[in-house]
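Take a look at the structure set out below.
FYI, side chains are in, hydrogens and waters are out, and symmetry mates aren't considered; it's all heavy atoms of this structure. From a predicted model like this one, the values you see are computed outputs, not experimental measurements. Whatever order the structure lists them in is the order used to number ligands and atoms, beginning at 1.
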Amino acid sequence: MSKKSHEVKQKREWVSRSEFSEQYRSPAWQKRRLERLDAAGWECGNCGDSESQLHVHHTRYVAGRKVWDYSDEELQVLCEACHSGAHALKERLNEALASIPGFDLGKVVGYALAAAATNRLDCAGNEGVLTLSTNEEVLGAADYFGVDWHEIFEIGAQGERPTARRLIDLRMRNAMACSDPKNAGSQ
Ligand SMILES: [Zn+2]
Ligand SMILES: [Zn+2]
């Protein structure tokens, strides 16, 4: 019984792996890959290296989605060294996440979402919207901004889309990111 289920599992993995490599050989992936390389100016998005071989790295995989069916943000152009660095970091992150109890994990997610939204923030535009879905995420985001969680709720209430999901318009936090002259103007 247990031997049989083990065989089934192995077979399934093998199928999905061969499907993967088939997708990576397909013209659809080649096209998407070249698009990303062109957009990146044929250099590593992390260190700027243009001499080494470049890879197009998936920041995440979604079950059932074709390898070319990912947004620009999810397909990063990286040199070989930065690519293996990114994968090593992901493994470290998985290790770290596995050691965090669930209730604290929500806070970590909120913290990470706040950091990512801040990086996307365009002082002229509306890219800085942060969506938090649990109380733990609100607590984590509050930690990131160094504010009390009550303040997060207040910001959400003044935003343009204050609904069941707590949306924070980070444009209201211009003191934090937009005072940086590097971020001013642009796009
Ligand atoms: Zn690099
Ligand atoms: Zn990768």
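Within the protein, the N, O or S atoms lying under 2.8 Å from the Zn ion (ligand 2) are His57 ND1, His83 NE2, His87 NE2.
Between the side chains of Gln23 and Ser26, no donor N or O sits under 3.5 Å from an acceptor N or O.
Between Tyr111 and Phe145, the distance separating the two ring centers is not shorter than 6.0 angstrom.
Relative orientation of the His58 and Trp29 rings is parallel, given thresholds of 30° and 60° on the angle between their planes.
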Show the numbers, then the answer: is there a side-chain contact (heavy atoms from CB on, under 4.5 Å) between Arg36 and Glu74? CA-CA 10 Å; Arg36 294 304 299 137; Glu74 290 165 332; over 6 Å; no

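Look at Lys107 and Glu137 and you find no salt bridge, because none of the NZ, NE, NH1 or NH2 atoms lies under 4.0 Å from a carboxylate O.
Here His55 pairs with His83 under the ring-ring contact (aromatic ring centres under 6.0 Å, His included) rule; sequence neighbours left out.
Under a 3.5 Å cut-off, the side chain of Tyr70 and the backbone N or O of Val62 do form a donor-acceptor pair.
Rounded to 10°, the angle that SG of Cys79 and SG of Cys82 form at the Zn ion (ligand 1) is 100°. Rounding to 10 degrees gives 110° for the angle at the Zn ion (ligand 1) between SG of Cys44 and SG of Cys47.
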